[in-house]
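Data first, discussion second: the structure below is written as structure tokens.
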Amino acid sequence: MRVMSYNVNGFKGNKDSLINMRENLDKIEAFIKSFLLGDIDNLVILQEVPLKDNTICNKKIIEKFKDYKFICSYNVSVANFVTVAIANNKSKWVEKHDFYKVRKSNDYLNRFIEVYNEEYKLQVLGLHIPCNKKDIIEIKKFWDEIISYKKSYSDIKSDKSDKSLMLVGDMNAEHYESSVSTFKKELNDLSLDGKELIEGATFKGKEKSTNIDHMLIHKPNNSIEEYAKGSVMNSIDYSDHYPILSPPIKKVTDRKLKKLC
């Protein structure tokens, strides 16, 4: 099984060559369905999916995936762009509200989605963290809530103690100093006691390409090979972001068998 994350930029294409939105939606649909057919347990997290005030894409993306599990983020009634999860109907992926329940704020409800797969003991929190152009105090609060939630997985008394947690998506932050991002410290705090699976540029900015899409796994529990890395799919040029892809992830039964051997 693999997890893919992709900021689709409202299906508007990339910054260099804006193409017909309907045509781009069709291309991304075919790309995602091909990925989902590759393994029944594969999971897709999409950011910047337009669901409101858009005559071309309004509800079209849901219609295109009506035969799949299409899990939409909170608060879509007031959002122009939302974060969603798509999985095969026969997979064990289910929606979870754990992060939502521990949050103290109602900001950015449309920017995250959380799903869980019991066969893999894997919780995935798909994120689209706002960039640092405005509301910097509220954005930092959002970061703090995400970091605090991740730390809850380290509590051996917690019911989360046997689960792996993957934090994935467009985080608008880099691990190094940059004029593009002011959230270096927050991202590094989020990465503590975990593993960064993605290396390389993921976003085609006006001045330079940057690495702002991430895939962090906390407590991998041998679900991913020790030195395995994910990949940036820079051959897919349908957005101003490239899709990012996890390395193969094992089921719990596969991990137990490996230990017995």
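No hydrogens, no waters, no symmetry mates; every other heavy atom, side chains included, goes into these values.
Side-chain atoms of Ser239 and Asn9 form no donor-acceptor pair, as typed in the model, at a separation below 3.5 Å. There is a side-chain donor-acceptor pair under 3.5 Å between Asn188 and His175.
Interatomic distance, CG of Asn42 versus CE of Met1, reported as 7.5 Å (0.5 Å rounding). Once rounded to the nearest 0.5 Å, the distance linking NZ of Lys250 with OH of Tyr120 reads 11.0 Å. In this structure, CG on Asn172 lies 8.0 Å from CG on Asp213, to the nearest 0.5 angstrom. Expressed to the nearest 0.5 Å, how far NZ of Lys27 lies from CD1 of Ile32 amounts to 14.5 Å. From Lys204, atom NZ reaches atom CG of Asn234 across 9.5 Å, with rounding to the nearest 0.5 Å. Atom-to-atom distance recorded for Glu114:CD and Ser73:OG is 12.5 Å, nearest 0.5 angstrom.
Every pair passing salt bridge (charged side-chain N to carboxylate O under 4.0 Å, His left out) that includes a residue from residues 39-51 is listed here, sequence neighbours excluded: Asp41-Lys251.
Classification of the Phe112-Phe99 ring pair by plane angle, with boundaries at 30° and 60°, yields perpendicular. Tyr238 and Phe31 have perpendicular rings, their planes meeting at more than 60° on a 0 to 90° scale where under 30° would count as parallel.
For the pair Ala173 and Trp143, the tightest heavy-atom approach, listed with the atom from each and the gap, is CB-CZ2, 3.8 Å. Between Met4 and Leu245, the shortest heavy-atom contact is CB-CD1, 4.2 Å. Closest approach of Ser223 and Ser164 over heavy atoms only: OG-OG, 4.1 Å. Between Ala85 and Ile45, the closest heavy-atom pair is CB-CD1, 3.8 Å. Here the shortest heavy-atom pairing between Tyr68 and Ala87 reads CB-O, 3.4 Å. Between Lys121 and Val252, the closest heavy-atom pair is CG-CG2, 3.1 Å.
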Inset, instruction - With side chain to side chain contact (heavy atoms under 4.5 Å, CB included) as the test, would you mind laying out the steps for Met171 and Phe183 before giving the verdict? - result: CA-CA 9 Å; Met171 301 189 188; Phe183 299 121; over 6 Å; no

Inset, instruction - Could you please spell out the steps behind the side chain to side chain contact (heavy atoms under 4.5 Å, CB included) verdict for Val84 and Phe70? - result: CA-CA 7 Å; Val84 304; Phe70 187 95; 3.9 Å; yes

Inset, instruction - Could you give me the CA-CA distance, side-chain angles and deciding distance for Tyr242 and Ile236, then say whether side chain to side chain contact (heavy atoms under 4.5 Å, CB included) is met? - result: CA-CA 6 Å; Tyr242 296 124; Ile236 305 300; 5.6 Å; no

Inset, instruction - Could you check His214 against Leu127 for side chain to side chain contact (heavy atoms under 4.5 Å, CB included), going step by step and ending with a plain yes or no? - result: CA-CA 10 Å; His214 298 277; Leu127 295 164; over 6 Å; no

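With hydrogens and angles disregarded, a donor-acceptor distance shorter than 3.5 Å links the side chain of Lys195 to the backbone of Glu226. In this structure, Ser191 contributes its side chain and Leu187 its backbone to a donor-acceptor pair below 3.5 Å. A donor-acceptor distance shorter than 3.5 angstrom exists from the side chain of Arg111 to the backbone of His128, with no hydrogens or angles considered. Checking side-chain atoms of Thr210 against main-chain N and O of Ile212 turns up no donor-acceptor pair under 3.5 Å. Put simply, the side chain of Ser105 gets close to the backbone of Asp107: a donor and an acceptor are under 3.5 Å apart. When atom types are taken as modelled, the side chain of Glu196 and the backbone of Ile198 share a donor-acceptor pair closer than 3.5 angstrom. The backbone N or O of Asp67 lies less than 3.5 Å from a partner atom in the side chain of Asn89, making a donor-acceptor pair. Between the side chain of Asn117 and the main chain of Glu119, a donor-acceptor pair closer than 3.5 Å is present. Between the side chain of Lys69 and the main chain of Ser91, a donor-acceptor pair closer than 3.5 Å is present. Side-chain atoms of His218 come within 3.5 Å of backbone atoms of Asp193 as a donor-acceptor pair (strictly under, hydrogens ignored).
Side-chain contact between Leu165 and Lys150 is present, with heavy atoms from C-beta onward closer than 4.5 Å. The shortest side-chain heavy-atom distance between Phe203 and Asp170 does not fall under the 4.5 Å cut-off. The shortest side-chain heavy-atom distance between Leu190 and Ile146 falls under the 4.5 Å cut-off. For the pair Ile86/Phe35, no side-chain contact is recorded, criterion being any heavy-atom separation below 4.5 Å from C-beta on. Residues Arg2 and Pro248 meet the side-chain proximity criterion, which asks for heavy atoms closer than 4.5 Å. With contacts defined as side-chain heavy-atom distances shorter than 4.5 Å, the pair Asn24/Ile28 qualifies. Looking at heavy atoms from C-beta onward, Val49 lies out of side-chain contact with Phe81 at the 4.5 angstrom threshold. Contact of the Tyr149 side chain with the Leu125 side chain is registered, since non-hydrogen atoms from C-beta on lie closer than 4.5 Å.
Tracing side-chain contacts under 4.5 Å through hydrophobic residues (I, L, V, M, F, W, Y), one never reaches Leu192 starting from Ile129; they form parts of separate clusters. One hydrophobic cluster, built from ILVMFWY side chains closer than 4.5 Å, holds both Tyr153 and Tyr100. Put simply, Val3 and Ile40 are part of two different groups of oily side chains (I, L, V, M, F, W, Y) that touch within less than 4.5 Å, one to the next.
For Glu199, the salt bridge (charged side-chain N to carboxylate O under 4.0 Å, His left out) partners two or more places apart in sequence, or in a different chain, are Lys229. With sequence neighbours left out, the salt bridge (charged side-chain N to carboxylate O under 4.0 Å, His left out) criterion links Glu145 to Arg103. Qualifying side-chain hydrogen bond (donor to acceptor under 3.5 Å, both in side chains) partners for Asp189, counting only residues two or more places apart in sequence or in other chains: Lys185. Lys96 meets the salt bridge (charged side-chain N to carboxylate O under 4.0 Å, His left out) test with no other residue; sequence neighbours excluded.
Exactly one of Leu216, Leu197, Leu43 qualifies for a side chain to side chain contact (heavy atoms under 4.5 Å, CB included) with Met166. That residue is Leu197.
One finds no salt bridge joining Glu174 and Lys184 here, because no Lys/Arg side-chain nitrogen approaches an Asp/Glu carboxylate oxygen to under 4.0 Å.
Both the sub-6.0 Å distance and the 45° axial angle are satisfied by Lys33 relative to the ring of Phe65.
Other residues sharing a hydrophobic cluster with Tyr116 under the 4.5 Å side-chain heavy-atom criterion for ILVMFWY residues are Val94.
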